[in-house]
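Remember, it's a predicted structure, so these values are computed and weren't measured experimentally. Below, chain A is the first sequence line, B the second, and so on; all start at residue 1.
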Amino acid sequence: MALRFYNTLSQQVEEFAPARDNTVRMYSCGPTVYDYAHIGNFRTFAFLDILRRWLRASGFGLDHVMNITDVDDKIIRNAVAQHKSLSDYTAVYTQAFLDDCRTLRLEPPEHLVPATRHVDDMVAAIEKLSSGGHTYTSEGSVYFRIASFPGYGKLSHNDFSGIRAGARVDMDEYDKADARDFALWKAPKEGEPAWPASIGPGRPGWHIECSVMAIRYLGATLDIHAGGVDLIFPHHENEIAQSESLTGQPFARFWLHAEFLMVEGQKMSKSLGNYYTLRDLLAKGTAPEAIRYLLVSVPYRKALNFTMEGLKSAATAIDRLRNFKLRLETDKLPEGLNQPLAGRTAAAAHQFRGGMDDDLNTAEALAAVFEYVREANIALDAGEFRAANAPAALDLLAQFDAVFDVLKPSVQGAALTDEQIEARVAERTAAKKARDFARADQIRQTLLDQGVILEDTKSGVRWKRK
RNA sequence: GGCGCGGUAGCCAAGUGGUAAGGCAAGGGUCUGCAAAACCCUUAUUCGUCGGUUCGAUUCCGACCCGCGCCUCCA
């Protein structure tokens, strides 16, 4: 079955392929760098990472643009309060975002672009919109007139036909002709930073950066535009209005949106004390892989309940996979090929791909892997797992890990070298042979304290780092 | 009120018009000098509630209840 995604625009699952030359042109909304990103943000970014990796695994090339919003009201407010320049202020959180992404093994997009790098392009776009009759100016700010765009509401499936400019009563309060109109360019208030421009000094509104940068790097029509559900309205709706008014072309063919994340069954909020940044979780000693696993194990279109129990569960599940991989690599396997098992391996790989192809159904894909692991472990225990079965099994794990990327442990601080560990293991084996179990156990415990786990198996001692 | 998503075992969660994947947790067992790892068994006659269609519905239709999101720039 071919790759297919749920498209917010059509509200249907549709078969996906890029429009031209096998390269997927995609855009996703990045962070606003006014603070550390929280775990809810990373649910969406982790989804984007899975999306990227699966598109590549499906044989497509990638051209992905993500913006970094480094100018907006909150940033200005905070920077002014701290007597810092915008760029000094945002540099800290931009770097923090990059570090966090690396920790969670999120691939960088092909283009990661700060909005402030394209202010000139935004001004040019606003001028073009103005000459097309899509804007008006009020007290130095430029607004987009949604009445000039007939398709407004097609993404969020809202019907705005009943809302007419004449019905407005609070015009003096909003300075807008219609409450739904939005700012393209904001005139500066006293003490606020501003860019000089033909349309008057000011700064870009939030929505214009995405339209301008997407079109500039990827062309008029994107294959995929993705983000969190809360961006559907008004942000993405406004992007469509701007972009399509600008180019006359459909802005994006597929719109994908990740659902919300909750913490311990409640919405995340600072007042409830369940508002976590990645740093908060790492400080509690959580492995980054467990966080990554938990974030992507629930299919992206389903709300995710992020819990401490879930984090533990994720870590244990990863261990199960790692242990299986270690067994494949270290057990002495009898020669030959177990034909039925080889069939099962192929079937598991097929089911894995089928799950991912089905709108990134990660739960289904994971089930395929785990079911296979159990069957393979049984065969391993029974001595029926043959040497020639191992490559396909390892390949299945590689396919899994190319997307989920959780098998390799994050490196912890200084540890014993392999040689030191081997020497201690040999010492313990000698003690065991002499039936000095107290000494053997003491060595095992010492190694455990240093993060090395020993396991006695039929084919000798196996060790692994915690 | 409008738009959208969802309610499946203790927790997370897949799924189909034909009789409930997978992970974690819990209890029991096998293996082991003891562990660890692994495996086996047990844990939903039942899929929010009530009706309807059907030979048969968790899966289709209707109503209702509950949770969540968006509808003032929040992933």
Side-chain angles (χ1 to χ4, degrees), chain A residues 6 8 11 28-32 37-48 69 72-74 153 155-160 162 174 179-180 182-183 186 205-207 226-235 237-238 257-262 265-269 293-294 297-299 301-307 309-324 326-327 331 351 355 358 361-382 432 435-438 440-441 444-445 448 453-458 461-464:
Chain A
Y6 178 86
T8 305
Q11 299 182 292
S28 58
C29 298
T32 300
H38 57 68
I39 199 67
N41 296 312
F42 285 115
R43 200 271 165 106
T44 298
F45 295 128
F47 147 65
L48 293 171
T69 301
D72 91 321
D73 293 356
K74 279 189 294 257
L155 180 69
S156 55
H157 304 98
N158 281 315
D159 179 8
F160 294 108
Y174 288 99
R180 303 283 169 179
F182 55 91
K186 296 183 172 186
W206 176 37
H207 313 293
V229 279
D230 56 330
L231 294 183
I232 294 172
F233 189 88
H235 185 51
E237 198 73 72
N238 291 351
H257 291 100
E259 259 298 337
F260 236 64
L261 171 144
M262 294 193 294
Q266 294 183 295
K267 58 179 153 183
M268 183 166 61
S269 76
Y293 183 99
L294 181 54
S297 60
V298 176
R301 283 209 296 131
K302 175 156 180 149
L304 168 69
N305 187 14
F306 192 94
T307 64
E309 189 186 348
L311 227 32
K312 249 182 268 166
S313 161
T316 310
I318 293 169
D319 275 342
R320 184 173 169 80
L321 297 174
R322 285 178 181 165
N323 282 325
F324 175 64
L326 194 65
R327 274 191 93 172
D331 275 16
Q351 192 194 339
D358 182 13
N361 188 339
T362 48
E364 168 83 18
L366 283 169
V369 173
F370 278 103
E371 201 166 344
Y372 175 72
V373 168
R374 179 167 40 75
E375 289 173 15
N377 269 321
I378 291 171
L380 242 11
D381 279 357
K432 272 181 70 180
R435 302 200 65 77
D436 185 355
F437 294 121
D441 289 350
R444 184 171 61 194
Q445 184 58 48
L448 184 62
I453 298 167
L454 295 196
E455 292 170 10
D456 294 327
T457 74
K458 286 193 194 84
V461 181
R462 178 163 68 203
W463 61 267
K464 62 188 177 189

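Here the C1' atom of nucleotide B/G15 and the CD atom of A/Glu371 are 13 Å apart, to the nearest Å. Following rounding to the nearest Å, A/Leu155 (CG) and B/C71 (P) show an atom-to-atom distance of 14 Å. Atom pair A/Leu294:CG and B/G22:C1' shows a separation of 15 Å (rounding to whole Å applied). Look at NE2 on A/His157: it is 15 Å from C1' on B/C71, rounded to the nearest Å. The separation between A/His235 atom NE2 and B/U72 atom C1' is 16 Å, rounded to whole Å. The separation between A/Leu304 atom CG and B/C5 atom C1' is 14 Å, rounded to whole Å. Atom-to-atom, CZ of A/Arg462 to C1' of B/A37 comes out at 6 Å; the value is rounded to the nearest Å. Computed from coordinates, the A/Arg374 CZ to B/A21 C1' distance equals 10 Å when rounded to whole Å.
The side chain of A/Ala367 approaches B/G22 more closely than any other nucleotide in the set B/C73, B/G2, B/G22. Nearest nucleotide to the A/Arg435 side chain, out of B/G33, B/C11, B/G15: B/G33. Which of B/C11, B/A75, B/C39 sits closest to the side chain of A/Thr44 comes down to B/A75. The side chain of A/Asp230 sits closest to B/A75 out of B/C39, B/A25, B/A75.
Ionic pairing of A/Glu259 and A/Lys302 is not present here: no N-O contact between side-chain nitrogen and carboxylate oxygen is shorter than 4.0 angstrom. A salt bridge is defined here as a Lys NZ or Arg NE, NH1 or NH2 lying under 4.0 Å from an Asp or Glu carboxylate O, and A/Lys458 with A/Asp381 fails to meet this definition. Residues A/Arg462 and A/Asp331 are paired through a salt bridge, judged by an N-O separation under 4.0 Å between the basic side chain and the carboxylate.
Using modelled atom types, one side-chain atom of A/Asn361 and one backbone atom of A/Glu364 make a donor-acceptor pair closer than 3.5 Å.
Not a single donor-acceptor pair, N or O on each side, falls under 3.5 Å between the base of B/C68 and the side chain of A/Lys302. A donor N or O paired with an acceptor N or O is found under 3.5 Å between the base of B/G33 and the side-chain atoms of A/Asp441. Donor-acceptor pairing under 3.5 Å, judged by distance alone, is absent between the side chain of A/Arg444 and the base of B/A36. Side-chain atoms of A/Asp456 come within donor-acceptor range of the base of B/C34, with a qualifying N/O pair under 3.5 Å.
OP1 or OP2 of B/G33 has not a single side-chain nitrogen or oxygen of A/Lys432 nearer than 4.0 Å. Taking 4.0 angstrom as the limit, A/Arg320 places a side-chain polar atom (N or O) nearer than this to OP1 or OP2 of B/C39. Contact between the side-chain N/O atoms of A/Lys74 and the OP1/OP2 oxygens of B/C74 is found at a separation under 4.0 Å. Residue A/Asn377 places none of its side-chain N or O atoms closer than 4.0 Å to OP1 or OP2 of B/A38. Phosphate proximity of B/G23 to A/Tyr293: absent, as no side-chain N or O sits under 4.0 Å from OP1 or OP2. An OP1 or OP2 oxygen of B/C12 is reached within less than 4.0 angstrom by a side-chain nitrogen or oxygen of A/Asn305.
Between A/Pro299 and A/Ala258, the residue whose closest nucleotide on RNA chain B is further toward the 5' end is A/Pro299. Looking at which nucleotide of RNA chain B each of A/His38 and A/Ala303 is closest to, the 5′-most match is held by A/Ala303.
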Side chain to side chain contact (heavy atoms under 4.5 Å, CB included) between A/Leu304 and A/Met262, intermediate numbers included: CA-CA 6 Å; A/Leu304 168 69; A/Met262 294 193 294; over 6 Å; no
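If you take atom P in B/G67 and the same atom in B/G15, they sit 25 Å apart, rounded to whole Å. On the P atoms, B/G7 is 12 Å away from B/C12, given to the nearest whole Å. Nucleotides B/A63 and B/A26 place their C1' atoms 40 Å apart, quoted to the nearest Å. Nucleotides B/C3 and B/A13 have their C1' atoms positioned 27 Å apart, rounded to a whole Å. Taking atom C1' in both B/U54 and B/G62, the straight-line distance is 16 Å, to the nearest Å. Annotation: B/C47 and B/C60 have their P atoms spaced 15 Å apart (nearest Å). Distance check on atom P: B/A37 versus B/G69 gives 39 Å, rounded to whole Å.
Partner of A/Leu261 under the side chain to side chain contact (heavy atoms under 4.5 Å, CB included) criterion, out of A/Arg43, A/Lys267, A/His38: A/Arg43 alone.
Between A/Thr307 and A/Leu311 there is no side-chain heavy-atom pair separated by less than 4.5 Å.
A/Phe437 comes within 4.0 angstrom of a base, heavy atoms only. A/Leu231 comes within contact range of the sugar-phosphate backbone alone, with a heavy-atom separation under 4.0 Å but no base atom that close.
Figure legend: A/Arg301 and A/Tyr6 shown as a cation-pi pair, the cationic atom lying under 6.0 angstrom from the six-membered ring centre and within 45 degrees of its axis.
Both thresholds, 5.5 Å between centres and 30° between ring planes, are met by A/Phe260 relative to the base of B/A75, so the two rings are stacked.
The pairing partner recorded for B/C60 is B/G52, the criterion being a Watson-Crick or G-U wobble arrangement whose two distances lie under 3.5 angstrom.
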